[in-house]
Amino acid sequence: MEKIKMTTPIVEMDGDEMTRILWQYIKDELLLPFVDLHTEYYDLGLVHRNETDDQVTVDAAHATQKYGVAVKCATITPNAARVKEYGLKEMYKSPNGTIRAILDGTVFRAPIQVKGIEPCVKNWKKPITIARHAYGDVYKANEMVIPGPGKVELVYTDENGEETRALVHTFTEPGIVQGQHNLNRSIESFARSCFNYALDTKQDLWFATKDTISKKYDHTFKDLFQEIYEKEYEARFKEAGITYFYTLIDDAVARVMKAEGGFIWACKNYDGDVMSDMISSACGSLAMMTSVLVSPSGVYEYEAAHGTVMRHYYKHLAGEETSTNSVATIFAWSGALRKCGELDQLPELTEFADHLEKACIDTIESGKMTKDLALITDLEHPVVLNSLDFIKAVRETLEASYQ
């Protein structure tokens, strides 16, 4: 087939460790033979982020704002051990957190379901999409170790220098304290992104916090969602035949376990981080989860929801064979290409994304898969493929779909 042409470039953010290896495999085997790939490339590998004092991450986010669509490889968020291992100038913050803050977006994550790999929760018939707020809370918190007895207060100083104080705790012994924040503007963007995505996908929307305990912080989330829903979306939801539902986070968890799926579950930042991993793992594997960051202005950044697969990377460096699941990373590329095709009115590019995703699913359902899936599949006698051979098997299926 003739290579599919692109018009607007996709912002390409390369990453770290084993996912960086898979990234190149995917481009070589599944993209470049079929698409005249047009990207603006940014190396978000930890080495290059250190060389640029992490400016490359900021530049990539601004490029995403410019072009509208990005695709991102998994990246390392360094801890103390990584600082030592890589000789970093500092313990850089999460690249995902930096990008999310700049784009002011919401992360939507949903499991990729295939026959033969059934959810642990047997009544889940349809994917549950997690909408994760992408700003503030613990990810932008300031922390302090309290060495001994003393008083910790929250202090707000307004523009005129007047102070408002609230006691956090009077310590009589060593401890710890953490200060979190959020912005009404960001919460409102989160709400609108969730309501718009629910309308776009014709799915019910759930939202949950702990407002009974957090009577100001979490309650503000609840109130802003309700206000925006009533003013801007209630009539449109009724017309679309979908509902908006609020409940406490613990009640939501209980309800989710008994639900059939097919809805969007909106969560605050930390809740969404945890619950998306729970749902993806219950549906088979962390490598079987789509993830897209959507800004209120209509900017899209696609990525895999899992990490950099460090253990496999060091096996790879030692010359050992790995069987690393690349499906979520493939779906990140297909999602970005599909959105680019939609925005630029290139139906052949959109169709290619559909073919690529179906090729992944068909390959797995034919019994060819990576080790993580072979350990949990209901299919008899699965063929376990290594990292590269699985991608090549997907390519064979993809090529056959065009014949």
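Residue numbers count from 1 along this sequence.
Annotation: side chain of P382 is in contact with side chain of M369 (closest heavy-atom distance under 4.5 Å).
Residues satisfying the side chain to side chain contact (heavy atoms under 4.5 Å, CB included) test with E29, not counting sequence neighbours, are L388, I391, K392, R395. Applying the side chain to side chain donor-acceptor pair (under 3.5 Å) criterion to H181, with sequence neighbours excluded, gives Y135. Every residue meeting the ring pair (Phe, Tyr, Trp, His ring centres under 6.0 Å) condition with Y197, not counting sequence neighbours, appears here in chain and number order: F108.
The aromatic ring centres of H133 and F221 sit less than 6.0 Å apart. A distance of 6.0 Å or more separates the ring centres of F225 and Y246.
Taking a 6.0 Å sphere around NZ of K358, one finds it holds 12 or fewer heavy atoms contributed by other residues, nucleotides or ligands. Counted within 6.0 Å of CG on N142, heavy atoms from surrounding residues, nucleotides or ligands total 12 or fewer; the atom is thus considered open. By the 6.0 Å contact criterion, CE on M257 is enclosed, its count of non-hydrogen atoms from other residues, nucleotides or ligands being greater than 12.
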Show which side-chain atoms of residues 373-380 pair as donor or acceptor with protein atoms under 3.5 Å away, not counting sequence neighbours.
| residue | atom | partner | partner atom | Å |
| --- | --- | --- | --- | --- |
| T377 | OG1 | G116 | O | 2.9 |
| T377 | OG1 | L379 | N | 3.0 |

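Applying the ring pair (Phe, Tyr, Trp, His ring centres under 6.0 Å) test to pairs two or more places apart or on separate chains, those with a residue in residues 250-283 are W206-F263. Under the salt bridge (charged side-chain N to carboxylate O under 4.0 Å, His left out) criterion, the residue pairs touching residues 270-286 are R132-D273, with sequence neighbours excluded.
Proximity of a side-chain donor or acceptor of K125 to a complementary backbone N or O of K122 within less than 3.5 Å is detected.
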